[in-house]
Amino acid sequence: MFFVISGFLITSVILDDLAAGRFSLLGFYERRVRRIFPALFATLLATLAAGLLILLPDDLKTLGRSATAATLFSSNLLFWSEAGYFDVAAAHKPLLHTWSLSVEEQFYLVFPLALLLLVRSRRDLVRYGAVALPLSLALAAWTARSAPDSAFYLAPMRAWELLLGALLAAGALPPPRHQGVRDGLSLLGLGLIAWSVLAISPETPFPAAAIPASLGAGLVIHAGTGGGSLGGRVLGTGPVAFTGLVSYSLYLWHWPLLVLAGAYAARPLTTAEAALVLLVTLPVAVASWRWVERPFRGERPVLPGRRVFAAAGTAMGVTAALGIALQLGHGLPSRLPPDVALLAAGAHDRNPHRAGCLGPSPEAVLAGQLCPLGAAAPAPPTFLLWGDSHAEMLRDALGEAAAQAARAGLFAGRPGCPPLAGVSVEGPEAVPCRRFDEAVLRLAARRDIGTVILAAHWSLYATGERVGRDTGPGIRILDDPSGRWSPAASEAAFRRALEATVAALAAAGKKVVVVGPVPEVGLAVPAVLAQAAWRGRDVDIGPTPAGFAARNRIVLSVLADLEARGLARIVRPDAALCAGTRCRVEDGGQSLYADDNHLTLHGAALVGPLLGAALAPVAATAVAR
């Protein structure tokens, strides 16, 4: 809606100025600066100031990077480049919403020039736009299949929304003359917008998620081009019209306030709390509109003429410098008491080289070009650790145990890929996962590999869903290409695939060890513990053993069955982490978790003795008859 409305309004102004012979690029950009800059930079400065008081170092450093990108209208490029498996969740980025402003301004850097060079009339714009719009939409649909983050964040894949408004401004469709038609179109448009609000979820893929609201906005606009409409009269009522008047400031302020409130609480806001924050946003937005936006526009604006560009440059320099300072200062950890800083540092208590060991190509796997574990060369590798990021988090602890036993091994891991043979993973990882797992199975068949250790985020694959505020997407598996995913199908596929994988390894004469699930917390543990210590709050966020068992009902059942049949030895991390009424999340003032489900090096060390015992030289597992 934002893009369609913007495309219509800005194009209308440009075309009117061109027709009257008064259009200038300098004048156009002066109007854009007066419209966009004052409220934007007030929001950026206020958010940075609040961040100093509320945010932990990692989040403050991220805020600094976002503020610099928003200043340069490139935050969509930043968030696109950051998107990935270990990316910070959207709920922790106070300036995430500025990506759309960046897309809009990037479009308007190019669009007026294109109009000046290519367009001699409204008909020319319709002709060119009628080609560019479907090309942009097709590019978005095609890109979304292999690179959904690119489709969402990048301007070429968003241009069709702005062009829809531009085409309406150029008169691509004749204005509806009949009152009933105008009313019907406007109500249909409002209906599509309402449907989008109610029906679209985070799982709805782009660009399908954007089409109904874009069409709805376009229909409401088009209905008004031929005269008044029923939908237009609804939108023109006092409260609705005033909300539209302050909508830019509402847009700018609502997200930082929600994110900062959540950061202070160190947990997801309740519905009532979120509603209260949004209520507070309204007077803040009204004040921003009245005392920040309005003074820079109108007949007698603050900083008349071109002086506004000097002020804009100064504002950009200040916010960019502050953002860079926060990045170079690593979020200013000296602001925190030592005990708070130690807890917050748990987010970095991981192997700094983990990215280099995760995700090798199938060819590298087959060649044995994997990260080593345990005893140094020339000891030949005799065991293999196979799994996903949950296997990687145990890599150092297992390596230390192996070194003490004078054994060497290899690590084969890929994020989001279960160590299960014969399954398809829903989403872009489907093909890489299957090829990767097939390569690992072939590597495991080597005669010198006597032990294969499987470790993974088992509960995720068994259920297809994450818990709490886990930052990643759900991962769904199927072992029947013709079937449809469902919770029951996921459970059945998980059971069959794990049993088949273990049985195949055991039949090849391998000793099979399966590391059971690690308790999931569902909250960013270092941040919650650090904020609680900083604010003097008591928290008890560790899952209960009963809750852990309920979440892992299927997983624990399959593991118990494998062990009873003599197919695998089972290592239970929860035995070291869940000895009391709650599973531990802290030890000696240090977080045992780096996020909501991955153990820190300190946390994994508690599981190390169990892993070492699993490496004890025993005969290979025999296949149960």
Side-chain angles (χ1 to χ4, degrees), residues 266-268 343 346 349 387-391 393-394 397-398 401 418 453-472 474-475 487 490-491 494-495 498 513-529 532-533 537-565 568-614:
R267 56 168 174 77
L343 288 168
D349 188 20
D388 56 11
S389 60
H390 274 226
M393 73 185 182
L394 301 173
L398 177 62
I453 303 171
L454 308 179
H457 196 170
W458 300 120
S459 57
L460 174 60
Y461 306 124
T463 64
E465 304 295 338
R466 297 180 183 265
V467 296
R469 207 172 183 176
D470 192 337
T471 59
I475 297 179
S490 183
E491 292 178 3
F494 171 78
R495 182 182 293 274
L498 184 54
V513 178
V514 182
V515 181
V518 168
E520 302 153 291
V521 183
L523 292 168
V525 176
V528 173
L529 296 179
R537 298 191 294 246
D538 292 326
V539 293
D540 195 358
I541 59 173
T544 64
F548 166 78
R551 163 70 172 166
N552 291 278
R553 175 181 56 85
I554 298 299
V555 177
L556 297 178
S557 171
V558 176
L559 296 185
D561 183 57
L562 291 172
E563 189 169 46
R565 292 163 56 190
R569 179 170 182 171
I570 309 302
V571 173
R572 293 278 300 269
D574 60 297
L577 299 171
C578 302
T581 58
R582 282 188 176 271
C583 301
R584 288 191 290 166
V585 296
E586 178 185 356
D587 178 65
Q590 292 182 258
S591 175
L592 298 181
Y593 287 78
D595 49 29
D596 42 25
N597 64 85
H598 293 90
L599 295 175
T600 59
L601 294 177
H602 185 68
L606 299 180
V607 184
L610 301 177
L611 299 172

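All residue numbers refer to positions in the sequence shown, counting from 1.
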So how far is it from [X] [atom1] to [Y] [atom2], rounded to the nearest 0.5 Å?
X	Y	atom1	atom2	answer
Glu520	His457	CD	NE2	3.5 Å
Leu562	Leu454	CG	CG	9.5 Å
Leu606	Leu577	CG	CG	6.5 Å
Asp349	Gln590	CG	CD	6.5 Å
Ile475	Glu465	CD1	CD	11.0 Å
Arg551	Leu460	CZ	CG	7.0 Å

Are any side-chain N or O atoms of [X] and backbone N or O atoms of [Y], one a donor and one an acceptor, separated by less than 3.5 Å?
X	Y	result
Thr600	Ser591	yes
Trp458	Ile554	no
Asp574	Phe548	no
Ser490	Ala462	yes
Asn552	Val555	no

pair Leu556-Arg572: side-chain heavy atoms closer than 4.5 Å: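 The answer is yes, as the side chains (C-beta and beyond) meet within the 4.5 Å cut-off.
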Side chain proximity check, Arg584 to Leu592, heavy atoms < 4.5 angstrom: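 Yes, their side chains come closer than 4.5 Å.
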